[in-house]
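The structure appears right after this line, and notes come after that.
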Amino acid sequence: MDQPPAPPSPQRPEPQPQFPASQPGAHLVKLYVYDLSRGMARRLSPVMLGKQLEGIWHTAIIIYEDEFFYGSTGISSCPPGGTLLGPPDAVVDLGSTEVTEEIFLEYLTALGESMFRGESYNLFDHNCNTFSNEVAQFLTGKKIPSYITDLLSEILSTPFGQALRPLLDSVQIQPPGGNTFNRHNAQS
């Protein structure tokens, strides 16, 4: 005896990303995360600081097929992974933006002439992570992960961090390999 065919199972729609890359006008925004200590922070922080740190983070924003970052010479750009730091240790997907490249480059120019001039760089208070956080919020409305933005306050909360602060205040970081950004050398 033939059994009646089973009723069709309900079709679930495929989950769609909130901002699919194929959406006209949408541009993916990524955060490249580099460990400047190359693993040394993970090994030495328990002994030196009394707490575990996974890395000393440098970050950059990836959009429009370029990497944008901030250091002691101001805002710089290069092809993704194009600094001497090499490939990133982690990539964080920050979402998408509909901000056009032209508007973004104008925004960067304004930042480079005001908040993010080279002489404004400070390892603890105004650094690459401050820049990445600011740009991420402009492009996506989202902040970068707190494990990155809270790192320096974690270090400074230790006696060893407090002892190192005077020395570290004079440190200027500029990952080699990028070109200082200005509107005249920006791609349009």
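This one's a predicted model, so the numbers in the text were calculated from it and none came from an experiment. In what follows, residues are counted from 1 in the order of the sequence shown.
The two residues Leu28 and Ser96 make their nearest non-hydrogen contact at CD2-OG, 3.4 Å. Closest of all the heavy-atom pairs between Gly95 and Thr140 is C-CG2, 4.5 Å. Closest approach of Pro80 and Ile62 over heavy atoms only: CG-CG2, 4.0 Å. Nearest heavy-atom pair across Gly55 and Asp35 is CA-OD1, 3.4 Å. Of all the heavy atoms in Phe69 and Ala60, the pair that sits closest is CB-CB, 3.8 Å. Nearest heavy-atom pair across Leu94 and Ala136 is CD1-CB, 3.8 Å.
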Under the criterion side chain to side chain donor-acceptor pair (under 3.5 Å), I'd like the reasoning laid out for Thr59 against Asn129: C-alpha separation, chi angles, the key distance, then a yes or no. CA-CA 6 Å; Thr59 58; Asn129 302 322; 2.7 Å; yes
Starting from the C-alpha separation in whole Å, work towards a yes-or-no answer on side-chain contact (heavy atoms from CB on, under 4.5 Å) for Leu156 and Gln162. CA-CA 5 Å; Leu156 291 176; Gln162 283 296 308; 3.8 Å; yes
Under the side-chain contact (heavy atoms from CB on, under 4.5 Å) rule, what do Leu111 and Val135 come out as? Steps first, then yes or no, please. CA-CA 9 Å; Leu111 285 181; Val135 174; 4.1 Å; yes
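To the nearest 0.5 Å, atoms OG (Ser45) and CD (Glu54) are separated by 7.5 Å. Atom-to-atom distance recorded for Glu106:CD and Glu101:CD is 11.5 Å, nearest 0.5 angstrom. Asp89 CG to Leu36 CG: the interatomic distance, rounded to the nearest 0.5 Å, is 9.0 Å. To the nearest 0.5 Å, the span separating CG on Leu44 from CG on Leu49 amounts to 9.5 Å. Here Ile75 contributes atom CD1 and Tyr70 contributes atom OH; the two are 8.0 Å apart, rounded to the nearest 0.5 Å. To the nearest 0.5 angstrom, Glu134 atom CD is 10.5 Å from Lys143 atom NZ.
Between Met115 and Phe131 the shortest side-chain heavy-atom distance does not fall below 4.5 Å. By the 4.5 Å heavy-atom criterion applied to side chains, Ile63 and Phe104 are counted as neighbours. Proximity of Ser132 to Leu31: side-chain heavy atoms (C-beta onward) are separated by under 4.5 Å at one or more points. Counting heavy atoms from C-beta outward, Leu85 and Arg38 have side chains that approach closer than 4.5 Å. In this structure, the side chains of Ile144 and Trp57 stay at 4.5 Å or more apart for every pair of heavy atoms. Under the 4.5 Å side-chain criterion, counting only non-hydrogen atoms from C-beta, Ile148 is in contact with Val33. Side-chain atoms of Asn122 and Asn127, non-hydrogen and from C-beta on, never get closer than 4.5 Å to each other. In this structure, Lys51 and Thr158 have side chains that are in contact, with non-hydrogen atoms separated by less than 4.5 Å.
Taking the six-membered ring for Trp and the full ring otherwise, the centers of His27 and Tyr64 sit less than 6.0 Å from each other.
With no hydrogens or angles considered, no side-chain donor-acceptor pair links Ser77 and Asp66 at under 3.5 Å.
Relative orientation of the His58 and Tyr34 rings is tilted, given thresholds of 30° and 60° on the angle between their planes.
Here the side chain of Arg117 pairs a donor or acceptor atom with the backbone of Ser114 at under 3.5 angstrom. Formation of a donor-acceptor pair under 3.5 Å by the Gln137 side chain with backbone atoms of Lys142 is not found in this model. Using modelled atom types, one side-chain atom of Glu67 and one backbone atom of Gly81 make a donor-acceptor pair closer than 3.5 Å. At distances below 3.5 Å, not a single donor-acceptor pair connects side-chain atoms of Ser146 with backbone N or O atoms of Thr149.
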